[in-house]
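First listed ligand is number 1; within each ligand, the first listed atom is number 1.
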Amino acid sequence: MTDQSTTAIDKPSELESALARLPEWTLGEAHKSISRGFSFADFSEAFAFMTRVAMLAEQHNHHPDWANVYNRVAITLTSHDAGGLTSRDFRMASAIDALAD
Ligand SMILES: C[C@H](O)[C@H](O)[C@H]1CNC2=NC(N)=NC(=O)C2=N1
């Protein structure tokens, strides 16, 4: 597990600059989460991706709210213990993008 600092990301300027680096992600209701959808060739590819994200989540000790329907995976990130977005969410989103791209 990588023990990384956690700072709340809740000011519009902070959100804007953080999201600028994550163009595939969208801001959720009340700016409390970020989400991205993924589509794969088939279920097997989607689940392989989910397995890799699961290992990332363990390394980061930061776990997604997510759903899978056949070849599609929807991921939402929020910091439950902070009740909103923190730097952990954006670090995790960036690490997930590196897997997917
Ligand atoms: C006890 C454990 O470290 C905490 O519950 C961690 C686990 N994973 C987590 N994941 C997310 N998304 N938010 C959290 O606040 C969080 N907390």
Region of T78 that comes within reach of ligand 1 [heavy atoms, distance under 4.0 Å]:
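It is the backbone that touches ligand 1; the side chain stays farther off.
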Donor-acceptor check, side chain of [X] to backbone of [Y], threshold 3.5 angstrom: yes or no?
X: S33; Y: E29; value: no
X: R88; Y: N61; value: yes
X: N68; Y: R72; value: yes
X: S94; Y: F90; value: no
X: D89; Y: T78; value: yes

Between Y70 and A46, what is the shortest heavy-atom contact and its length?
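Between these two residues, the closest heavy atoms are O-CB, 3.6 Å.
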Would you mind checking which non-hydrogen protein atom is closest to [atom], with the distance to 0.1 Å?
atom: atom 7 (C) of ligand 1; value: N61 OD1, 3.4 Å
atom: atom 17 (N) of ligand 1; value: D81 OD2, 3.9 Å
atom: atom 14 (C) of ligand 1; value: H80 N, 3.6 Å
atom: atom 10 (N) of ligand 1; value: H63 N, 2.9 Å

Looking at atom 1 (C) of ligand 1, would you say a protein heavy atom lies below 4.0 Å from it?
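So far as the 4.0 Å threshold goes, atom 1 (C) of ligand 1 is out of reach of every protein heavy atom.
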N/O of S79 under 3.5 Å from N/O of ligand 1, yes or no?
no
